[in-house]
Amino acid sequence: MTSPGQDDAAQAERGSGAEAEGERYDPRELERRWQLIWEAEGTWEVSNPGAPEFDASKPKNYVLEMLPYPSGEPHVGHLKTYSVGDAIAHFRRRRGFNVVHPMGYDAFGLPAENNAIKTGEHPREATEKSIAVFREQFKRWGISLDWTRELGTHEPAYYRWTQWIFLKLFEKGLAYREEAPVQWCPVDATVLANEQVIDGHCERCGSLVEQRRLEQWFFRITDYADRLLADFDLLESWPENVITMQRNWIGRSEGAEVVFRQDDLDLGFTVFTTRPDTLFGATFFVMAPEHPDVLRLAEGTEHEQAVRDYVNEAARTSTEDRASEERQKTGVPLGREVTNPVNGERIPMFVADYVLMEYGTGAIMAVPAHDQRDFEFAKAFELPVRYVVVPAAIYDGAGGDPAKAAETAREAAEGAAFVEHSDDERLIDSGEFDGLNSPEAIERITAWLGERDLGEAAVNYRLRDWLVSRQRYWGAPIPIVYCDQCGIVPVPTDQLPVLLPEIEDYAPSGRSPLAAAEDWVSTECPNCGGSARRETDTMDTFVDSSWYFLRYLDPRNDEQAWGRDAVEYWMPVDQYIGGVEHAILHLMYARFFCKALSDIGVLDAQEPFTNLFAQGMITRDGAKMSKSKGNTVSPAEIVDRVGADAARTYICFMGPPVKGGDWNDQGVEGVHHFLARLWRLSREVDERTEPGAGPGGAPEHGPARDLLAKAHWAIDKVTRDIEPRFQFNTAIAAVMELVNEIYRLKDELYGDPAGDAAVRFATCTAASLIFPFAPHLGSDVYELLNGERVWEQPWPEADPGLLASDTFPLVVQVNGKLRDRVEAGSGASEQELLELARASDRVRAHIDGKQVVKEIVVPGKLVNLVVR
RNA sequence: GCCGGAGUGCUCAAACUGGUAAAGAGGAUCGACUCAAAAUCGAUUGUCCUUCGGGACUUGUGGGUUCGACUCCCACCUCCGGCACCA
């Protein structure tokens with residue numbers, strides 16, 4: 001079937017009646033032909049403001065898909081991303097926009113480097129081989145890209161500017177070097193950003209990460225936490241779940257910082273709490289095992305050894321085990337006490353691993369009555385549980401008796417913490433704050449603390465600064481030099497790029513492979529000229545992809561990262577398309593970059609992507625595709641077999657692109673079948689009808705009118721489905737319906753001038769409408785029947801006169817049940833519709849002998865008679 | 001546990017603002033063409049009952065609002081995604 005023998009092909013041609021001799025739908029040849037034309041003519045190239053060919057009369061539109069990481073060959077996910085993006089790009093071009101649609105490669109990264117360790121092949125060579133495969137595939141898919149803007153993030157001409165941005169951030173104090181506890185992946189032998197650790201495992205390779213204390217480079221993304229949250233308002237259309245994911249990741253919480261005095265060491269320990277209203281319920285105090293003061297506190301107490309053991313044990317326990325749900329709370333007393341600032345009460349201190357050093361201050365006040373975790377700890381260590389906030393009903397019921405209220409609350413809580421938090425609760429056992437509701441109490445207690453310098457209102461974030469150092473080879477070198485005299489010295493921008501040196505051994509050793517390139521490492525201090533050493537870490541590859549959309553706009557600029565005019569004209573990206581797996585990492589980093597670069601004054605775009613489309617994942621046999629499962633689908637193979645048009649159209653047809661879908665080989669065949677059907681139809685129409693005989697006014701009635709009406713219905717439907725709905729599946733179904741209708745009516749229309757014109761018009765329209773999904777076939781059919789290039793034609797507009805018809809099928813219901821459909825005039829009055837409805841025999845059978853108690857008329861739609 | 005999203009024929013799905021449930025595709029069955037098969041063109045295809053005119057039922061389950069509910073409300077079940085000792 002896929003590669004027919006000669007006999008089969010010959011017989012198929014003979015058997016194909018009216019079709020031209022010796023021809024059949026051959027996507028390979030047809031697609032090649034159009035690709036050569038587009039390539040030779042640079043059809044999808046678009047120039048920047050200032051260029052002679054630049055067309056200033058059109059509004060701009062930046063359509064962008066997430067750039068691929070080039071490894072092996074593109075997979076079905078890529079096919080989907082670029083099929084969806086290309087449909088949008090085509091549609092908008094024909095709607096009169098000046099569309100830029102570029103492509104590049106996220107070319108630095110670990111897979112190529114790991115391959116180098118295994119085979120000795122330079123990562124650059126492996127990467128460029130993959131890039132060649134990707135480029136060749138994208139061309140075979142017929143994606144309408146401006147290839148003059150192509151870039152790879154591994155090219156010195158690109159990473160030179162990545163380094164430049166690093167230096168700009170450094171200058172502004174947004175890039176800094178600091179020793180901190182960091183996450184280390186033992187398999188990839190590098191540190192990772194928080195975002196790249198999932199449940200204590202390396203996001204890339206899945207191995208368990210370790211904590212280490214290292215000096216590393218960070219970007220100060222936490223400075224932007226509030227703006228990253230607030231500027232969601234600047235976005236036009238982002239999926240709600242992506243916004244929610246980022247919001248959760250940033251994890252802003254409001255509360256207070258409260259200082260607890262420790263007299264023995266004469267220290268104050270600050271804690272962060274979101275519930276200052278529960279301060280009077282704090283019955284103990286807990287510190288994280290990593291807290292720097294823990295050992296000092298335990299020193300000299302009877303618990304010293306136990307604390308030491310506990311801290312060591314905690315260090316050995318993986319983050320994953322520590323976070324495990326069903327684990328019992330563990331901890332050790334410190335043998336010290338702190339003073340609760342609101343009531344002067346001295347409460348015992350503990351060290352326990354349920355308190356995390358990474359969040360807040362690494363120490364907490366424990367309020368077991370109102371926090372589930374503290375409650376569990378209190379149970380295990382038999383510590384007092386004091387209820388200080390109770391529901392208003394209990395408070396009122398106790399008639400102002402705090403002991404009674406607390407007792408009732410304890411019973412109501414049934415052995416758990418009471419954690420509600422509304423203005424329908426009252427404070428008890430809280431001194432002068434008794435009786436206040438909880439939001440009010442938060443305000444008053446925070447103010448009370450502030451007046452006495454014991455605390456203040458505070459905001460805390462889950463978000464950490466972005467750790468960008470990587471102890472690996474295949475990335476952009478961090479452009480910094482360490483001088484014995486001058487310390488940390490940035491490489492002057494006129495000395496960029498700091499080129500990645502050639503090395504022999506890529507194997508990770510715990511320090512960057514670059515450290516072995518002695519000639520490269522030892523250098524002159526740009527400041528004092530003395531001997532200095534280069535930074536040997538490279539940058540996280542997410543840095544590369546945080547600004548590539550800017551470089552596309554001015555990709556060959558040797559003077560600057562981008563020209564202001566180009567970026568001002570094209571930015572922001574009007575439609576960004578990609579997988580939801582980048583919801584946090586890439587999308588948040590790119591947002592941060594735009595804000596930081598705008599603050600630095602080199603950009604004027606607070607948000608990079610105004611509209612985001614997150615496509616669903618394609619599965620196979622219900623499972624995520626993976627090489628290990630052996631359930632992958634190779635786009636190259638599909639394209640070889642049925643053509644790029646069929647592959648692309650099928651992917652858009654399998655369901656709404658936002659949703660995922662299960663790959664089905666028979667489904668692709670079905671779409672291929674449809675495209676072949678349209679192709680055959682076009683050859684027949686070309687033989688049987690004359691070109692140029694335009695409709696010249698549609699006939700009032702009859703099949704020619706019906707067919708024209710169907711064509712205009714399809715125009716309307718496809719247009720509305722593509723934008724703003726991105727419901728490509730129903731758009732394609734509408735074109736299928738149109739083609740089916742042509743097949744149904746063509747034989748009775750041939751020969752009649754109005755009929756011929758209608759068939760030709762309808763077939764051209766089908767080609768025009770399928771073009772965003774199947775650009776090769778769309779171009780081919782359109783050219784055959786019309787002589788024109790479809791991409792140069794404006795997107796068709798539905799004629800309202802043909803969308804409306806003078807009659808419609810009136811639905812008649814009795815008691816809400818469908819009983820008949822009768823032909824009614826579009827202009828008929830309610831009275832006339834009712835009469836028509838009652839005139840129906842089938843309706844009469846259901847209303848005779850009964851009383852009509854209500855008549856509902858929806859003009860243009862239905863009549864419902866309610867009988868008793 | 002918390003926050004999202006989704007449950008519709010044999011399968012993928014459609015139904016946009018509360019108004020004909022199942023468009024389109026796949027699969028299956030039948031017919032035309034053929035010596036035959038493939039390809040192609042066409043017909044049928046939610047379930048049950050039927051005196052063949054029709055009738056009853058049907059969108060995860062149970063209830064509600066309405067002349068009318070896949071659509072709105074309440075409760076529950078299942079699946080998918082995200083977050084999760086975040087103080």
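Order of the sequence lines sets the chain letters (A, B, ...), proteins ahead of strands, with each chain counted from 1.
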Atom-pair distance (CG on A:Asn740; C1' on B:A25), nearest Å: 10 Å

Roughly how many Å apart are [M] and [N], using the [atom1] atom of each and rounding to a whole number?
N: B:C74; M: B:A56; atom1: C1'; value: 29 Å
N: B:C48; M: B:U58; atom1: C1'; value: 11 Å
N: B:G27; M: B:C76; atom1: P; value: 43 Å
N: B:A69; M: B:A15; atom1: C1'; value: 13 Å
N: B:G18; M: B:G9; atom1: P; value: 24 Å
N: B:A23; M: B:U45; atom1: P; value: 10 Å

Can you give me every donor-acceptor pair (side chain of residues 240-250 of chain A, partner residue at least two apart or in another chain, under 3.5 Å) with its distance?
from, atom 1, to, atom 2, distance (Å)
A:Thr244, OG1, A:Glu240, O, 2.8
A:Gln246, OE1, A:Arg591, NH1, 2.8
A:Gln246, NE2, A:Ala583, O, 2.9
A:Trp249, NE1, A:Glu195, OE2, 2.9

Toward the 5' end of RNA chain B, by each residue's nearest nucleotide, A:Arg720 or A:Lys861: A:Arg720

Nearest-nucleotide 5' precedence on RNA chain B, A:Tyr650 against A:His673: A:Tyr650

Ion pair check, A:Asp716 and A:Arg720, cut-off under 4.0 Å: yes

Under 3.5 Å donor-acceptor, A:Thr765 side chain and A:Ala711 backbone: no

Within 45° cone of A:Tyr354 ring axis and under 6.0 Å: A:Lys329 NZ or CZ: yes

Candidate nucleotides B:C41, B:C86, B:G19, ranked by approach to the side chain of A:Asn864 - the nearest: B:G19

